Amino acid sequence: MDYNFSAIESKWQQAWAEQNIYHVPNQSDKPHFYVLDMFPYPSGAGLHVGHPLGYIASDIYARYKSLQGFNVLHPMGFDSYGLPAEQYAIQTGTHPEKTTFENIDRYIEQLKKIGFCYDWDREIRTCDPSYYHWTQWAFIQMFHSYFDPRTQKAQPISQLISEWEANDPTWATLSEKAQQERLMNYRIAYLADTKVNWCPKLGTVLANDEVSEGLSVRGGYPVEQRVMRQWCLRVSAYAGRLLEGLDRIDWTDSLKETQRNWIGRSEGAEMQFTVKGQDAPFTIFTTRADTVFGVTFMVLAPESEYVKRVVTDEQREEVEAYLQRCKSRTERERIADRRVTGVFTGSYAINPLTQGEIPIYISDYVLAGYGTGAIMAVPAHDSRDYAFARHFNLPIIPLIEGADVSEESFDAKEGKMTNSGFLNGMEVKDAIQAMKEYITNTGIGRVKINYRLRDAIFSRQRYWGEPFPIYYKDNMPYTLPIECLPLCLPEVSDFKPTENGEPPLGNATQWAWDEVNKQVVDKALIDNQTIFPLELCTMPGFAGSSAYYLRYMDNHNDKALVAPEVNAYWKQVDLYMGGSEHATGHLIYSRFWNKFLYDLGYICEDEPYKKLINQGMIQGRSNFVYRYIGEGATGNLYISYNLIENPEYKGKVQPIHVNVNIVNNDVLDINAFRAWMPEYKNAQFVFADGTSVEDNPYLAGEKQYICGWAVEKMSKSMFNVVNPDDVIAKYGADTLRLYEMFLGPLEMSKPWDTNGIDGVHRFLKRLWNMYENIVNAEPTKEELRSLHKLIKKITWDIENFSFNTSIPAFMIAQNELSALKCNKRAILEQVAILLAPYAPHIAEEMWQRCQAISDQLSAISQFVVNAEWPICNEAYLVEDTQKYPVQFNGKVRFTFECAKDTPKEEVEKQVLAHEDTQKYLNGQAPKKVIVVPGRIVNIVM
RNA sequence: GCCGCGGUGGUGGAAUCGGUAGACACGAAGGACUUAAAAUCCUUUGGCCAGUGAUGGCUGUGCGGGUUCAAGUCCCGCCCGCGGUACCA
């Protein structure tokens with residue numbers, strides 16, 4: 001009986017679809033469980049074998065949970081707004097929607113072939129108006145809310161207004177515009193002039209997590225700083241809760257640590273310094289209040305508001321020149337150039353403790369966006385201040401006994417204070433505390449907690465994104481009425497920015513809001529009386545992905561993001577699977593968004609993702625051929641990898657990437673290579689055995705050309721992309737699923753190496769053959785032991801996400817059962833259930849074969865998904881005897897077997913009496929004998 | 001620089017609580033079947049040494065120390081690789 005995987009897989013995929021067996025109801029007597037994959041951006045390249053790794057793992061878990069009797073929500077959708085489709089549109093004129101939909105179709109087709117148990121009825125697409133309706137809705141909620149620091153919660157902004165109406169007499173005197181401007185400082189979604197990351201090449205601003213080392217993450221284009229009026233989300237207000245919430249969720253330590261660093265809490269003090277000859281003080285932030293006695297200068301960020309207050313007339317020209325220079329440099333230039341720069345303002349501050357006069361400088365090593373944009377510099381104990389002091393020849397006063405600051409600063413927070421007035425003799429830790437108390441009591445400062453986390457810039461000057469439900473009246477933004485949502489993305493004549501530099505939506509003609517008739521109208525009608533311009537920016541990529549998990553719960557609901565009773569049933573994601581690259585982007589924004597909706601009472605859980613697992617990346621494994629470039633080279637001769645270190649070839653070959661799909665176990669398919677590209681048509685080879693002739697076709701099969709290999713990123717240009725469709729065509733989806741798990745631990749990154757897939761495929765074939773003549777007979781003790789060992793192992797593995805160790809367990813069980821010639825339904829049926837999460841198609845077929853001879857066939861268990869997960873009966877695992885490895889001084893010399901429950905003393909007695917023991921003791925008396933019952937015996941001589 | 005993760009045969013990896021290191025596969029070598037190939041099956045396979053052989057001995061988890069009857073696993077000090085982050089005061 002052949003294992004015809006393609007017939008089996010298409011048969012069951014069709015049957016499952018027809019019976020709709022993966023449909024998930026929103027009410028059930030069963031306990032609920034929510035397994036979520038990070039939804040993909042549907043790129044034009046389609047899926048490669050790296051993408052499904054996490055999906056397979058979560059699919060195994062989801063199937064396992066259903067077999068255990070849970071009602072499992074396991075949906076899939078598409079993060080379908082984004083730059084690539086729009087860039088493609090600009091180049092080719094193809095509408096991004098067309099490209100996106102085609103890519104989605106391809107993704108769905110590929111995903112369906114792998115046999116996931118998704119409920120496709122719950123599919124969502126972020127670019128679908130019925131979906132972004134709720135993205136826009138959430139934005140409007142944020143616009144009309146503020147964060148109350150007293151309760152640490154978002155509240156309707158109407159509460160703030162009532163408070164002002166009652167307690168603040170100035171409020172009523174303000175014009176409507178002035179009132180709106182004041183409210184803007186409190187809204188959770190607000191417009192502000194902010195220093196943004198502007199990417200000229202992409203023509204848009206980017207969030208901090210979309211920029212890495214001064215380049216855009218997408219495309220790698222330079223990014224510069226600009227001040228622009230943009231929509232922002234007040235994520236920073238939630239910094240404390242985002243940090244503290246990490247303690248209550250089951251994520252990996254490394255991911256939590258990344259988020260903690262990104263949020264960057266630091267506890268310190270704000271202190272006031274007066275400027276000599278001025279009344280108004282300025283405020284700095286420091287975590288080292290204990291070092292005030294060592295402050296020898298002050299530094300302001302170039303963008304600091306204090307700058308204009310302290311610059312003296314003599315210094316004005318020099319300062320202006322410096323500010324101009326800072327402005328013209330991009331972030332990347334600043335990072336690359338680490339030279340110390342700065343300029344003296346001409347003013348002096350007064351040290352509140354020593355009353356000493358200290359010069360005030362401006363330098364770009366101080367950031368405007370952190371703390372107060374001003375610092376007190378303590379060169380003895382901060383390496384940056386030290387470098388600055390050395391450059392400008394400023395004094396350096398050590399404050400810790402024994403600290404040598406002649407070469408570098410002493411940054412460690414340890415030692416005894418000196419030169420520090422009343423702090424002298426204290427340990428640094430105590431001194432920090434004492435100084436905090438001092439400044440609080442004297443009123444020169446206060447204890448303050450600062451966060452690194454910044455507000456998220458929420459505007460993008462792009463077409464292919466969610467439109468803002470915003471129109472402008474007298475330059476102030478107003479939200480569309482909720483009942484008018486969704487505001488659909490308009491058609492445009494051109495996807496590029498307009499001639500006068502407006503975002504692409506400036507090209508739309510139907511893009512104005514009629515306040516009276518509550519509809520979108522032609523922008524030629526704008527009169528700023530009843531018809532107003534609509535916002536031209538769109539939302540960023542993370543808008544649609546921030547609350548998508550909630551929408552899956554109730555994706556057909558057109559009255560709410562999610563109905564309260566449905567949310568109350570599913571609550572939150574129990575298991576979230578995805579890449580760790582989203583640690584500082586999506587996973588922060590999503591938690592923020594969720595907390596906001598929670599504050600307003602729309603959902604019932606404060607955290608979206610209870611448990612999170614990061615699957616590792618699948619890297620590419622590239623193959624190389626080695627072109628001979630030595631003397632007499634024709635450019636047409638290729639040397640086998642095993643020979644390239646030989647003296648005659650060493651240093652005379654050039655490695656060339658070769659398509660991994662024409663290489664099998666590192667052996668090149670010669671004919672396929674010649675057909676691959678015209679330049680290789682007449683390729684000649686020096687084969688592994690050192691010969692180069694293959695004119696005798698009878699010998700040709702014997703000749704092998706060995707390719708070299710390397711682990712690299714999976715990419716088209718390295719010809720190392722492996723498509724799951726090809727693997728499925730050759731081996732079947734079940735083999736693909738098993739092999740992806742077999743490759744190694746889920747969370748580790750590893751190269752895709754097709755060497756080895758045959759082993760997994762052969763295992764399935766062997767297992768398959770055991771299901772040929774199934775009989776209804778009583779299983780033996782040995783058979784039951786094998787089965788229950790497997791049940792125990794697989795259950796443990798799935799609970800612990802150790803999927804890679806399950807495949808060997810199945811192989812061992814198969815070996816044991818086949819050695820026992822087991823063909824009993826009672827055993828094989830259970831094995832099929834255990835295998836079902838991993839290899840659902842073959843398991844279904846095996847299950848059906850068992851059911852065909854069963855006398856207990858019932859309607860409920862017609863598919864293996866409706867079966868029950870087996871429970872391990874430990875009684876079958878009990879062995880009659882116990883084997884003890886016997887060590888002498890820690891080295892195992894022989895094994896000793898005795899009855900299971902032999903007492904410790906008896907084991908010791910028997911081992912000592914053993915003839916081998918006498919041999920190894922060699923006449924010596926043992927000093928000590930250690931018996932660990934059920935484990936080991938160690939004899940110390 | 002800082003934070004996190006990792007380093008085990010020719011390869012992927014296993015060893016889940018400190019208790020027989022190398023499970024299970026791949027590859028390789030040899031053999032069976034075959035006109036031949038594919039497929040399948042069997043045997044061997046960390047290294048070194050001794051022995052015709054069964055077998056025995058030594059060595060071995062990046063390096064150097066330590067704790068322990070016993071260390072891949074725990075502790076201290078390094079080296080290397082990968083990922084994240086960076087003038088955050």
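A, B, ... follow the sequence lines: proteins, then strands. Residue 1 opens every chain. Model, not experiment: these values are computed from the prediction. Note that these values count all heavy atoms, side chains included, but never hydrogens, waters or copies made by symmetry.
Residue-level contact check: Arg265(A) touches neither bases nor backbone, having no heavy atom under 4.0 Å from any strand. Among the protein residues, Ile812(A) comes within range of the sugar-phosphate backbone only, with heavy atoms under 4.0 Å from sugar or phosphate atoms but none that close to a base. Among the protein residues, Lys883(A) comes within range of no part of the nucleic acid, since none of its heavy atoms lies under 4.0 Å from any strand. Contact annotation for Asn804(A): backbone-only contact, meaning every heavy-atom pair under 4.0 Å involves sugar-phosphate atoms and none involves a base. Val932(A) comes within 4.0 angstrom of a base, heavy atoms only. Within 4.0 Å of Tyr884(A), counting heavy atoms only, lies no atom of the nucleic acid at all. As judged by a 4.0 angstrom heavy-atom cut-off over every strand, Tyr920(A) is placed among residues touching the sugar-phosphate backbone only. Backbone-only contact: Pro745(A) has heavy atoms under 4.0 Å from sugar-phosphate atoms and none from a base. Residue Asn815(A) is classed as a sugar-phosphate contact, given heavy-atom separations below 4.0 Å to backbone atoms only. Looking at heavy-atom distances under 4.0 Å, Gln887(A) makes contact with a base.
The ring-ring contact (aromatic ring centres under 6.0 Å, His included) test applied to Tyr641(A) returns Tyr626(A), not counting sequence neighbours.
Nearest nucleotide to the side chain of Thr258(A), out of G13(B), G84(B), U59(B): G84(B). For Phe285(A), taking side-chain heavy atoms from C-beta onward, the closest of the listed nucleotides A89(B), A15(B), U20(B) is A89(B). Nearest nucleotide to the Trp262(A) side chain, out of U20(B), A86(B), C69(B): A86(B). Listed candidates were A14(B), A86(B), A21(B). Nearest to the side chain of Val892(A) is A21(B). Listed nucleotides: C87(B), A14(B), G19(B). Nearest to the side chain of Asp364(A): C87(B). Nearest to the side-chain atoms of Thr805(A) among the listed nucleotides C3(B), U85(B), A14(B) stands A14(B). Out of C24(B), A89(B), G19(B), the shortest distance to the side chain of Thr286(A) is found at A89(B). Proximity note for Pro885(A) (side chain, C-beta onward) versus C87(B), U20(B), U85(B): the nearest is U20(B). Ranking A15(B), U11(B), C69(B) by closeness to the Asp753(A) side chain, first place goes to U11(B). Side-chain atoms of Val940(A) lie closest to C69(B) of the nucleotides G12(B), G19(B), C69(B).
Rounded to an integer number of Å, the gap from CZ of Arg935(A) to P of C69(B) is 19 Å. As a whole-Å value, the separation of Asn197(A) CG from A86(B) P is 11 Å. Between Phe388(A) atom CZ and C87(B) atom P there is a gap of 17 Å when expressed in whole angstrom units. Atom-to-atom, CG of Leu743(A) to C1' of G12(B) comes out at 7 Å; the value is rounded to the nearest Å. Look at CG on Leu746(A): it is 17 Å from P on C5(B), rounded to the nearest Å. If you take CG of Asn4(A) and C1' of A39(B), they are 16 Å apart, rounded to a whole angstrom. Ile930(A) has its CD1 atom 9 Å from the C1' atom of U68(B), to the nearest Å. Per the geometry, OH belonging to Tyr361(A) stands 23 Å off P belonging to C87(B), to the nearest Å.
Taking the P atoms as reference points, C78(B) lies 13 Å from C3(B), given to the whole Å. Nucleotides U73(B) and U61(B) are separated by 10 Å at their C1' atoms, to the nearest Å. Across C76(B) and U67(B), the matching C1' atoms stand 11 Å from one another, rounded to whole Å. Separating the P atom of C75(B) from that of G7(B) is a span of 15 Å, rounded to the nearest Å. Taking atom C1' on both nucleotides, C80(B) is separated from C69(B) by 34 Å, rounded to a whole Å. Taking atom P on both G27(B) and A38(B), the two are 13 Å apart, rounded to the nearest angstrom. Taking the P atom of each, G4(B) and G57(B) are spaced 45 Å apart, rounded to whole Å. Taking the C1' atoms as reference points, A14(B) lies 15 Å from G46(B), given to the whole Å.
In this structure, a donor-acceptor pair under 3.5 Å is absent between the side chains of Thr902(A) and Tyr884(A). For the residue pair Tyr322(A) and Thr341(A), a side-chain donor N or O sits within less than 3.5 Å of a side-chain acceptor on the partner. Counted by atom type alone, Ser580(A) and Asn614(A) present zero donor-acceptor pairs between their side chains at under 3.5 Å. Side-chain polar atoms of Tyr3(A) and Asn769(A) form no donor-acceptor pair below 3.5 angstrom. Defined by atom type and a distance below 3.5 Å, a donor-acceptor pair is present between the side-chain atoms of Thr881(A) and Glu897(A).
Aromatic ring centres of Tyr731(A) and Tyr739(A) lie farther apart than the 6.0 Å criterion allows. The ring of Tyr838(A) has its center closer than 6.0 angstrom to the ring center of Phe810(A).
A close approach under 4.0 Å does occur between a side-chain nitrogen or oxygen of Arg762(A) and OP1 or OP2 of C26(B). Not one side-chain nitrogen or oxygen of Tyr365(A) sits closer than 4.0 Å to the OP1 or OP2 atom of A89(B). The shortest distance between the side-chain N/O atoms of Asn755(A) and the OP1/OP2 oxygens of G12(B) is not below 4.0 Å. OP1 and OP2 of A39(B) both lie 4.0 Å or more from every side-chain N or O belonging to Lys765(A). Between Arg893(A) and G56(B), a side-chain N or O to OP1/OP2 separation shorter than 4.0 Å is absent. Residue Lys928(A) has a polar side-chain atom (N or O) positioned under 4.0 Å from OP1 or OP2 of C69(B). Contact between the side-chain N/O atoms of Ser266(A) and the OP1/OP2 oxygens of A89(B) is found at a separation under 4.0 Å.
Paired regions of RNA chain B, where each region holds three or more successive Watson-Crick or G-U pairs whose two hydrogen-bonding distances fall under 3.5 Å, are B:1-7 with B:79-85, B:10-12 with B:24-26, B:27-32 with B:40-45, B:46-50 with B:55-59, B:62-66 with B:74-78.
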For this session: May I have the step-by-step check of side chain to side chain contact (heavy atoms under 4.5 Å, CB included) for Ser363(A) and Phe392(A), ending in yes or no?
Result: CA-CA 12 Å; Ser363(A) 175; Phe392(A) 286 95; over 6 Å; no
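Within 6.0 Å of CG in Asn800(A) there are more than 12 heavy atoms belonging to other residues, nucleotides or ligands.
Base orientation at G9(B) is syn, since its O4'-C1' glycosidic dihedral falls within 90° of 0. An anti base is found at C26(B): its glycosidic angle is more than 90° from 0.
Using the six-membered ring where Trp is involved, Phe888(A) and Phe894(A) have ring planes that are tilted, between 30° and 60° apart. A perpendicular orientation is assigned to the rings of Phe803(A) and Phe801(A), their planes being inclined by more than 60° (bins at 30° and 60°).
Along RNA chain B, the nucleotide nearest to Lys750(A) and the one nearest to Lys891(A) differ in position, and the one closer to the 5' end is contacted by Lys750(A).
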